[in-house]
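Only one structure is covered here, and it is reproduced in the block below.
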Amino acid sequence: MQKPPRVANNLQAVKNSPRDLKDLEKAVLHNPELAEAFILMAKLETPPGGSREKARRISIKPLKCLPTNRLINQMHTFSAGLQENNDDKLIDLQKAIEVNPTNTEALQAKIAMQLALGKLQEVVDDAERMMAEDEDNLFAFEAAVQALAGLEKYDEAIELLTKRIAKDDSNGNFYRIRGQIYLAKKEDDKAMEDLNKAIELNNRDAAALIMRGRMHYLAGEVEKANRDISDALLIAPDSVDGVLMRSLVAAQEGRYGDAIADMELLVRAAPNNVDWIMQLASYYQMDKRPRLAIRLLDEVIQNDDKDWRALRLRGDAKLSIAMHDEAVADYDEAISILERDRAVPEEQKSSDLDYSGLLNNLSWVLATSPNEKLRDGKKALELGLKASEASEYKQAHILSTLAAAYAETGDFEKAREWSAKAVALAEEEEKQEPGSSQIEQLREELESYKKDKPWREEQKTEENEKPFAAATESIDT
């Protein structure tokens, strides 16, 4: 009788070829309980060279006859990788772990999958079991911290990190991660302290530099933000977060061409990222390129006609080039979607600056448009009051709109009252941040109302035709 071919002890000894697979098929034909041969056959059948379904069928054949727990464990772990359904993958990985609770490969794969699926409490439970066996297991530690942060159990995450830092206070990564969690808790002083320490321990920690740069940016310290972001991108030039922050800093400094170049780079790398597309449209608008913004937003709205933020932004762009009818239509639709589809509770509306801004812009055009057929003082006043209430009567430009609405209804006494309050607020803003308000126009509006004359405004932004800054090389996202 012909002897069955010798089966290799591991996959490295078997080449992925039809001949190897044929030899293995002969082997299991002679001995159906040759478990390792089935394992190798299944691996040789995996894509791209084979069929996932066929590999899966082969992989489950020997489960009942496998001679050792090691092989059963190996087969369950391998089988999980062939499953297309994530829940089935988790079942197979759990079986592998039940056979061998110390199977680190299966346990880590299970934790990683649970993280991806948002099963965060399960991640915490499994990671804690791993750390009970090996308290220095970095994978389990980082997974536990990430899951706890995702569950908003910030204090527990910080406690884990603090214990790890006590054991190893020379690892800047731990300080950076704890700083990130302090940021989520809105404990900015502690976050800045940890980020400073992380950078002190490792001045090439690009992630820590970007985080600190973002904190400086939000605090209005643009020069410090610029320095941190620039340093980070010298270390990690392909950092998406770094390029995004660089664009925000550039826009804050009025360098819209640079901001556009960076955001175009990001949009090319991720053309389906709607947030980035709308940020780019905003930059076009800031750079007096409203028609480019409209063209971009047309595509967003074509793909999702319920995107109220895109409708609002397109309305702003159309308003800036005197397309008042179309701007009103966009604003109306945006408000309808926001209030109907999102069913925004009153308490949320009152704290939503986007909502108050949307109400304000529609009120403004209805009160001030030179198009007599479009103006509607009654509706403008209704919207202006809502916008003022939603912003707690603390925004100068919104009080200015309320004044314009009163003027359009003929109530110039109220118009003067609210216009004067808008000017007073703007003067306070100017003291805090010179150039931050439209103080001169607000004063002109007040003078108009003193003469019992309503305000009229028709913006006609001339399209900026200057060429853009040269784009950077493509980024790997």
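The distance between the ring centers of Tyr355 and Trp308 does not fall below 6.0 angstrom.
Gln279 and Asp275 share no side-chain donor-acceptor pair at under 3.5 Å. Between the side chains of Glu193 and Tyr175, not a single donor N or O lies within less than 3.5 Å of an accepting N or O. With 3.5 Å as the limit, one finds a donor-acceptor pair spanning the side chains of Tyr284 and Glu264. Side-chain polar atoms of Gln395 and Ser356 form no donor-acceptor pair below 3.5 angstrom. In this structure, a donor-acceptor pair under 3.5 Å is present between the side chains of Glu445 and Gln441. Inspection of the Tyr217 and Asn226 side chains reveals no N or O donor paired with an N or O acceptor under 3.5 Å.
With contacts defined as side-chain heavy-atom distances shorter than 4.5 Å, the pair Tyr256/Lys288 does not qualify. Inter-residue side-chain proximity for Gln114 and Leu120 is flagged as unmet; no heavy-atom pair is nearer than 4.5 Å. Taking the side chain as every heavy atom from C-beta outward, Pro370 and His324 approach each other to under 4.5 Å.
Without hydrogens or angle criteria, Ser363 side chain to Leu359 main chain gives no donor-acceptor distance under 3.5 Å. Using a distance-only test at 3.5 Å, with no hydrogens or angles considered, a donor-acceptor pair links the side chain of Thr461 to the main chain of Ser320. A donor-acceptor contact shorter than 3.5 Å is absent between the side chain of Thr368 and the backbone of Arg456. At distances below 3.5 Å, at least one donor-acceptor pair connects side-chain atoms of Thr409 with backbone N or O atoms of Tyr406.
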Decide salt bridge (Lys or Arg N to Asp or Glu O under 4.0 Å) for Asp307 and Arg312; before the verdict, give the C-alpha distance in whole Å, the side-chain angles of both, and the deciding distance to 0.1 Å.
CA-CA 9 Å; Asp307 192 327; Arg312 180 259 171 95; over 6 Å; no

Could you give me the CA-CA distance, side-chain angles and deciding distance for Leu234 and Arg204, then say whether side-chain contact (heavy atoms from CB on, under 4.5 Å) is met?
CA-CA 9 Å; Leu234 286 173; Arg204 294 187 61 77; over 6 Å; no

Pair Leu183-Asp188, side-chain contact (heavy atoms from CB on, under 4.5 Å): steps then yes or no
CA-CA 6 Å; Leu183 273 176; Asp188 289 0; 3.8 Å; yes

Salt bridge (Lys or Arg N to Asp or Glu O under 4.0 Å), that's the test. Do Lys167 and Asp136 meet it? Break it down for me.
CA-CA 10 Å; Lys167 293 180 64 176; Asp136 293 324; 3.0 Å; yes

Working for salt bridge (Lys or Arg N to Asp or Glu O under 4.0 Å), residues Lys119 and Glu122:
CA-CA 6 Å; Lys119 297 177 181 289; Glu122 290 90 334; 5.0 Å; no

I'd like to know whether Gln121 forms a side chain to side chain donor-acceptor pair (under 3.5 Å) with Asp125, so could you lay out the CA-CA distance, the side-chain angles of the two residues, the decisive distance to 0.1 Å, and finally the verdict.
CA-CA 6 Å; Gln121 188 55 56; Asp125 295 340; 3.1 Å; yes

Determine, step by step, whether Arg255 and Asp258 satisfy the salt bridge (Lys or Arg N to Asp or Glu O under 4.0 Å) criterion, reporting the C-alpha distance in whole Å, the side-chain angles of both residues, the deciding distance to 0.1 Å, and the verdict.
CA-CA 6 Å; Arg255 294 184 289 107; Asp258 292 337; 2.8 Å; yes

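Of all non-hydrogen atoms in Leu160 and Ala144, the two that sit nearest each other are CD1-CB, 3.9 Å. Between Ser400 and Ala422, the shortest heavy-atom contact is N-CB, 3.7 Å. For Ala143 against Val123, the heavy-atom pair with the smallest separation is O-CG1, 3.7 Å.
Taking a cutoff of 4.0 Å between a charged side-chain nitrogen and a carboxylate oxygen, Asp332 and Lys379 qualify as a salt bridge. A salt bridge does not link Lys378 with Glu382: every distance from a Lys NZ or Arg NE/NH1/NH2 to an Asp or Glu carboxylate oxygen is 4.0 Å or more. Using a 4.0 Å cut-off between charged nitrogen and carboxylate oxygen, Arg443 and Glu427 count as a salt-bridge pair. At a threshold of 4.0 Å, the pair Lys386-Glu389 does not count as salt-bridged, since none of the basic side-chain nitrogens sits closer than that to a carboxylate oxygen.
Each of Asp134, Leu161, Ile177 was scored for a side chain to side chain contact (heavy atoms under 4.5 Å, CB included) with Phe141, with one residue passing: Leu161.
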